[in-house]
Amino acid sequence: MSVSHFPPRAPSRDPSRDPLALAPEDCGRGHACQFCPQEETCRLEKGHHEKRLIESRLAQIGQIIMVMANKGGVGKSTVSANLAAGLAARGYRVGVADADIHGPNQSRFFGFVGQRVRLGGNGLTPRTFEAEGVAHPLRVGSLAFMMERDDTPIVWRDAYKHDFMHHLIGSFDWGPLDFLVIDMPPGTGNELITLADLLEGHDVAALLATTPQEVALMDSLKAVRFCQERQLPLLGVVENMAGVTCPHCGGEFHLFPRAHLAEALVEVDSLAQIPLSPALASGSDSGQPIVLAAPDGPEARAFAPVVEACVAHARQGFAEAAAHSLQALAGEAGDELEAALASVPPEQRDALRHELQAQFAGLLGDAPRPPDPDDVTR
């Protein structure tokens with residue numbers, strides 16, 4: 001329960017006549033206070049509601065992947081959309097949160113240009129993207145769905161950006177998700193700091209998108225340092241526009257020299273090299289991610305290691321959490337066992353202790369292993 005700065009009102013006081021009386025009860029609405037028609041007259045504690053709303057959303061989300069790029073124009077939106085599509089093709093429940101306030105492009109990447117979202121009892125309803133081979137429709141949330149025109153510039157100070165980051169996580173009705181992919185804006189400014197604070201303590205990891213161009217690498221290192229300082233797991237680097245296939249001879253060549261990239265990012269794993277491809281660009285413009293439109297093509301094969309890295313990280317986190325829970329269970333059971341044995345005669349105590357410990361060890365050995373998400377029916 002949140003603590004109010006005002007003293008609690010006396011039971012005999014009429015709350016309708018006390019303008020400073022705040023109540024921490026939940027209103028039951030699934031959206032932030034700014035969307036509520038009763039905001040001006042509501043007497044409930046807004047900070048408490050906003051916090052509970054975000055916690056309830058995050059409680060239903062498994063792994064969060066933040067796709068970062070300190071440099072603009074390196075293709076993080078492309079990486080975000082195709083990563084999300086690749087995870088969905090593997091059978092996972094996936095959401096895409098578009099945190100790029102000044103360039104919200106995920107509406108275009110999934111064919112939702114010009115569409116809007118509605119405010120319901122459970123919050124803002126994300127747009128759902130369906131495709132052949134995708135068992136669970138992708139859920140997409142973006143500021144683009146709230147704008148009157150797609151070419152309207154967003155001119156906001158940091159306070160508004162801070163609020164929208166909370167809306168993105170808390171006001172959109174994401175529902176149960178295995179993965180939430182967040183398309184981050186460029187830079188290490190207010191949006192990134194707000195989300196890093198908001199998601200602290202949850203299963204969050206980062207991917208870094210960059211191009212081999214040296215000026216992009218220089219900025220990418222700043223994002224690496226941010227992850228290190230915040231102790232945010234960095235899964236690796238996705239090298240976008242890494243090469244070109246000649247349409248005439250089929251030969252491959254690189255537009256930028258790669259040697260300095262390998263040297264600069266020696267402390268970070270390179271997960272994939274995404275080619276500079278007309279098919280990849282046209283798929284993004286038409287609203288059909290290339291990993292779904294051409295699952296056997298070179299672009300989809302290039303994205304496969306990125307998808308696998310995210311899946312492997314999520315599985316590892318699940319296994320570690322399961323092991324921790326089993327250890328805690330074993331410790332609690334041991335304490336209870338010793339307390340129960342205190343009433344047993346000393347001559348029988350050791351034999352009974354060994355027998356019960358063997359039975360408990362057998363139960364732990366038969367305990368289900370961390371499930372393979374590919375085999376789980378969601």
Side-chain angles (χ1 to χ4, degrees), residues 58 60-68 75-98 106 109-112 126-141 174-183 202-209 233-240 269-275 277 279-280 283-284 287-322 368-378:
L58 293 175
Q60 299 185 79
I61 298 174
Q63 181 66 54
I64 301 173
I65 304 294
M66 300 172 67
V67 180
M68 300 170 53
K76 57 181 168 37
S77 294
T78 300
V79 172
S80 300
N82 283 278
L83 168 61
L87 290 167
R90 292 278 298 267
Y92 295 99
R93 299 167 298 182
V94 183
V96 181
D98 193 349
Q106 290 302 326
F109 279 64
F110 289 97
F112 297 130
R127 306 302 304 181
T128 53
F129 175 84
E130 299 183 11
E132 184 178 355
V134 175
H136 306 282
L138 273 140
R139 302 172 72 83
V140 183
W174 295 109
L177 295 177
D178 299 307
F179 289 91
L180 177 64
V181 178
I182 304 181
D183 180 10
H202 296 273
D203 294 329
V204 186
L207 278 175
L208 181 62
L234 181 57
L235 302 185
V237 175
V238 180
E239 303 175 30
N240 195 29
D269 292 335
S270 177
L271 298 177
Q273 299 180 36
I274 311 300
S277 163
L280 180 58
S284 300
Q288 291 290 328
I290 193 66
V291 299
L292 297 177
D296 298 323
E299 298 84 4
R301 292 195 299 269
F303 274 107
V306 187
V307 175
E308 185 55 41
C310 295
V311 172
H313 180 79
R315 287 177 179 170
Q316 181 182 1
F318 180 91
E320 291 176 353
R369 297 182 178 182
D372 185 339
D374 294 339
D375 298 330
V376 175
T377 301
R378 297 175 173 82

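- The shortest side-chain heavy-atom distance between His136 and Val94 does not fall under the 4.5 Å cut-off.
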Gln63 vs Cys310, test: side chain to side chain contact (heavy atoms under 4.5 Å, CB included). Steps then yes/no. CA-CA 9 Å; Gln63 181 66 54; Cys310 295; over 6 Å; no
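- Side-chain contact between Lys76 and Met66 is absent, with no heavy-atom pair separated by less than 4.5 Å.
- Between the CD atom of Gln60 and the CG atom of Asp178 there is a distance of 12.0 Å, given to the nearest 0.5 Å.
- With values rounded to the nearest 0.5 angstrom, Arg93 atom CZ is found 7.0 Å from Leu177 atom CG.
- Summarising the geometry of Thr128 relative to Pro137, their closest heavy-atom pair is CB-CB, 4.1 Å, with the distance given to 0.1 Å.
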Can you give me every donor-acceptor pair (side chain of residues 288-305, partner residue at least two apart or in another chain, under 3.5 Å) with its distance?
unit_1 : atom_1 : unit_2 : atom_2 : d
Glu299 : OE2    : Ser277 : OG     : 2.5
Arg301 : NH1    : Asp296 : O      : 2.6

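- When all heavy atoms of Arg315 and Tyr92 are compared, the closest pair comes out as NH2-OH, 4.1 Å.
- The distance from atom CD1 of Ile64 to atom CG of Leu180, rounded to the nearest 0.5 Å, is 5.5 Å.
- Between the CG atom in Leu208 and the CG atom in Leu235 there is a gap of 11.0 Å [rounded to 0.5 Å].
- Listed for the Arg139 side chain is a donor-acceptor partner under 3.5 Å among the backbone atoms of Trp174.
- Put simply, CG on Asn82 and OG on Ser284 are 6.0 Å apart, with the number rounded to the nearest 0.5 Å.
- The heavy-atom pair separating Leu280 from Ile274 by the smallest distance is CD2-CG2, 3.7 Å.
- When side chains are defined from C-beta on, Val204 does not count as touching Ile182, because their heavy atoms never get closer than 4.5 Å.
- Nearest heavy-atom pair, Phe179 versus Val311, reported as atom, atom and distance to 0.1 Å: CZ-CA, 4.1 Å.
- In this structure, Ser80 OG and Met68 CE are separated by 11.5 Å, a value rounded to the nearest 0.5 Å.
- Ala272 and Val306 get closest at one heavy-atom pair: CB-CG2, 3.5 Å.
- The two residues His313 and Pro233 come nearest to each other via the heavy atoms CE1-CB, 4.1 Å.
- Under the side-chain contact (heavy atoms from CB on, under 4.5 Å) criterion, Ala81 pairs with Gln106, Phe109, Phe110, not counting sequence neighbours.
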